[in-house]
Amino acid sequence: MIVLKGVSKSYSSVTAVKNVYLTIPSGCIFGIIGRSGAGKSTLLRMTSLLETPDSGEVYYGDERVDTLRGMALLERRRKMGMIFQNFNLLGSRNAAGNIAYPLEIAGLQRKQIDRRVEELLELVGIGDKGGSRLRELSGGQKQRVAIARALAVNPEVLFCDEATSSLDPQTTRSILALIRELQQTLKITVVLITHQMEVIRQICHEVAVLDEGRIVEEGSVDAIFEAPQAAATREMIRV
Ligand code: ADP
């Protein structure tokens, strides 16, 4: 369980996130939705410990983690995977080389790395693409490589930053189906941010709606689609 207690973050004159309280249960797919500029990326960066809040606290289970520094922070971050809208893959490496990267950093032996990379390529449905250059892969295949890389070190949490925003609707559906399948088989927690209600509807169990840095609505996806309360939620469902 990840718990945010009154976290806030400002950049010069802009308050990006204001006093957010949020509980993200383990083993669920939790979506954070909001318009552009609502504060989603800032909230995700604080939740994934890439950034420290100006005030408030972040807990993973019982452990307070926003105060971690140095090796303790690195170790905690090793238990997380992250995927992005623009994939963030290394252009100089092929698909297998990208997936191998975190395993090399973790200091595994070459044989173990090769075995694990094969396994991961199969897991994300591109078993035959290990030797492909990135430019030979479609957007959906690149995101599969990124997912495999994120899962390489067996993370407990997968953070998804607008992971399907640059993909066409059909590819979006297949990537979302893969994330849901992986979440169920690996029993990980998935935290995603998106501006697309379709993404929430397709795979999330719970959702928080962010507007101008504040959570304006939160609950089960079914309940929120059934009876949206906040104006920001109604607006996003209508689009
Ligand atoms: P979203 O992900 O919902 O689009 P962001 O968290 O990126 O929202 O941004 C929220 C607000 O904080 C915006 O007004 C944005 O301009 C501002 N902001 C975010 N990151 C920075 C930064 N590193 N420096 C300055 N302003 C920022």
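As the structure lists them, so they are numbered: ligands from 1, and atoms in each ligand from 1.
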Could you tell me whether the side chain of L134 reaches within less than 4.5 Å of the side chain of N94, counting heavy atoms only? no
Quick test: of every protein heavy atom, which one is nearest to atom 25 (C) of ligand 1, and how far off is it to 0.1 Å? Y11 CB, 3.3 Å
Less than 3.5 Å between some nitrogen or oxygen of G39 and one of ligand 1, yes or no? yes
Polar side-chain atom of Q85 near backbone of A163 as donor-acceptor pair, under 3.5 Å: no
With heavy atoms and a 4.0 Å threshold, my read on which part of H195 contacts ligand 1 is neither
Under 3.5 Å, is there a donor-acceptor pair between the side chain of T15 and the main chain of K18? no
One thing to verify: whether R35 and E235 come together as a salt bridge, which I'm taking to mean a side-chain N less than 4.0 angstrom from a carboxylate O. yes
If you scan the protein for heavy atoms around atom 19 (C) of ligand 1, do you find one that is closer than 4.0 Å? yes
With a 4.0 Å heavy-atom cut-off (strictly under), which part of E162 contacts ligand 1: side chain, backbone, both or neither? neither
For atom 12 (O) of ligand 1, closest protein heavy-atom neighbour: A16 CB, 3.3 Å
Please could you name the atoms of ligand 1 that S36 approaches to less than 4.0 Å, counting only its heavy atoms? 4 (O)
Between R201 and E198, does any NZ, NE, NH1 or NH2 come within less than 4.0 Å of an OD or OE carboxylate oxygen? yes
Would you mind running through ligand 1 and noting each atom that sits below 4.0 Å from a heavy atom of R45? 20 (N)
Could you name the option among A38, G37, S13 that has the heavy atom nearest to atom 4 (O) of ligand 1? G37
Provide, to 0.1 Å, the distance between atom 2 (O) of ligand 1 and the closest protein heavy atom, together with that atom's residue and name. S41 OG, 2.6 Å
d(M46 CE, L43 CG) to nearest 0.5 Å is 5.5 Å
Nearest non-hydrogen protein atom, atom 9 (O) of ligand 1: T42 OG1, 4.0 Å
Looking only at heavy atoms, the pair that brings P25 and T189 closest together is O-CG2, 3.7 Å
Over-ring placement of K5 relative to Y59, 6.0 Å and 45° cut-offs: yes
I'd like to check which ligand 1 atoms, numbered from 1 as shown, lie under 4.0 Å from a non-hydrogen atom of R35. 3 (O)
Look at the side chain of Q229 and the backbone N and O of A227, then say whether any donor-acceptor pair between them is shorter than 3.5 Å. yes
Counting only heavy atoms closer than 4.0 Å, does ligand 1 sit against the backbone of V14, its side chain, both, or neither? side chain
